[in-house]
Amino acid sequence: MSHWAESSVFPLGLIPHIIFVLIAVVYIGYRYFKYRKGYQLSLIFFVVLTLLYDSKVSLEGSVGNTVCIIGSVVEIILFVLTLVLGIKSFISASKEAKEEKTAEENKQEEKTENV
């Protein structure tokens, strides 16, 4: 296996890491089904993919290195996708809030004009 999995980059052991991933997947999955934000779904895949590096399955030589390289590239793509979708979601929520505030102000102005 790659030297990354054996380094101090992953301070958790395999069992605590699996427990953390399960808790994160359940929590983010609940939030996804409640709010339906795209970044939450990509975040679930990102979190689950971290298990690839901490697994104790021994992949020897070039196969292990290839799996780690492919996993790293996929994780980078998922991380960037999560950031982009999160920023897009934040911007659209800000626009919606601004539109609601403007609509509310217009209603208040109409009420004062009618009185």
- Item | Hphob cluster co-occupancy, I44 + L51, side-chain heavy atoms under 4.5 angstrom | yes
- Message: Grouping I, L, V, M, F, W and Y whenever their side-chain heavy atoms are under 4.5 Å apart, do L78 and I70 come out in a common cluster?
- Response: yes
- Query: Would L43 end up clustered with I87 when hydrophobic side chains under 4.5 Å apart are linked, directly or stepwise?
  - Reply: no
- Item | Test item: S89 side-chain N/O and L85 main-chain N/O as donor-acceptor pair under 3.5 Å | no
- Pairs satisfying side chain to side chain donor-acceptor pair (under 3.5 Å), at least one member in residues 78-87, at least two apart: S42-T82
- Message: With ring-ring contact (aromatic ring centres under 6.0 Å, His included) as the rule and sequence neighbours excluded, what pairs involving residues 88-109 come up?
- Response: none
- Note on the structure: When rounded to the nearest 0.5 Å, the distance separating CD of E104 from NZ of K101 is 11.0 Å
- Quick one: closest heavy-atom pair of V21 and V47, and the distance? CG2-O, 3.9 Å
- Query: Does I76 belong to the same Ile/Leu/Val/Met/Phe/Trp/Tyr cluster as V48, with side-chain heavy atoms less than 4.5 Å apart forming each link?
  - Reply: no
- Straight-line distance of I15 CD1 to H17 NE2, nearest 0.5 Å: 11.5 Å
Could you pull out every donor-acceptor pair under 3.5 Å between side chains of residues 25-34 and any protein atom, sequence neighbours left out?
none

- Message: So L83 and F79, do their side chains get closer than 4.5 Å, heavy atoms only?
- Response: yes
- Message: If hydrophobic clusters are built from ILVMFWY residues whose side chains come within less than 4.5 Å, do V80 and I77 share one?
- Response: no
